[in-house]
Amino acid sequence: MIYIGSHIFDIEKRQLLLNQGESIVHLEPKLFDLLLLFTEQPNRILTRDDLLAHLWPGTLVTDNAVNKLIGNLRKILGDDAKSPALFKLSLSRAIGLFVPCLR
């Protein structure tokens, strides 16, 4: 399990326990892979190329698909894009999870 702020990411069950277990979200495969990628490399900015190579290797994907996936993950985690607490964007349209991830 990985602790992300007040949330618990249960890798074995492929689910996210929000607010220390108040509610459980079963993550679809791409959301799971995205969150796992961020938690494996916390406090690091990942470029769109990084995300594409990991989540959609060898596949053409639109920016909209990437944006939607990140937006869905932010929504689940309660992170507002206008005043982010967990994710930070860089000017080069890269993104990273900037919150302690404890195993």
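Treat the numbers as computed from the prediction; the structure is a model and nothing was measured.
- We find the CD1-CD1 distance between I11 and I2 to be 3.5 Å, quoted to the nearest 0.5 Å.
- One distance of note links CG of L18 with CD1 of I76; it measures 8.0 Å at 0.5 Å rounding.
- Just one residue in the list N43, L46, L86 forms a side chain to side chain contact (heavy atoms under 4.5 Å, CB included) with F38, and that residue is L46.
- A distance-only check finds no donor-acceptor pair linking the side chain of H7 to the backbone of L16 [under 3.5 Å].
- Of the inter-residue distances, the one linking L69 atom CG with L34 atom CG reads 5.0 Å to the nearest 0.5 angstrom.
- The CG atom of L36 sits 8.5 Å away from the CZ atom of R14 when rounded to the nearest 0.5 Å.
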When you look at L35 and I4, which way does the side chain to side chain contact (heavy atoms under 4.5 Å, CB included) test go after all the steps?
CA-CA 10 Å; L35 185 55; I4 306 167; 3.9 Å; yes
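- By the side-chain hydrogen bond (donor to acceptor under 3.5 Å, both in side chains) test, N72 pairs with no residue at all, sequence neighbours left out.
- One finds the CE atom of M1 at 6.5 Å from the NZ atom of K13 (value rounded to the nearest 0.5 Å).
- Applying the side-chain hydrogen bond (donor to acceptor under 3.5 Å, both in side chains) rule to D10 yields no partners; only residues at least two apart in sequence or on another chain are considered.
- Distance check: H54 NE2 to E40 CD gives 6.5 Å after rounding to the nearest 0.5 Å.
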Listing, residues 24-33 side-chain donor-acceptor contacts under 3.5 Å, not counting sequence neighbours, or none:
from : atom 1 : to  : atom 2 : distance (Å)
H26  : ND1    : Q15 : OE1    : 3.3
K30  : NZ     : L55 : O      : 2.5

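- The minimum heavy-atom distance linking D50 with R44 is given by the pair OD2-NH2, 3.9 Å.
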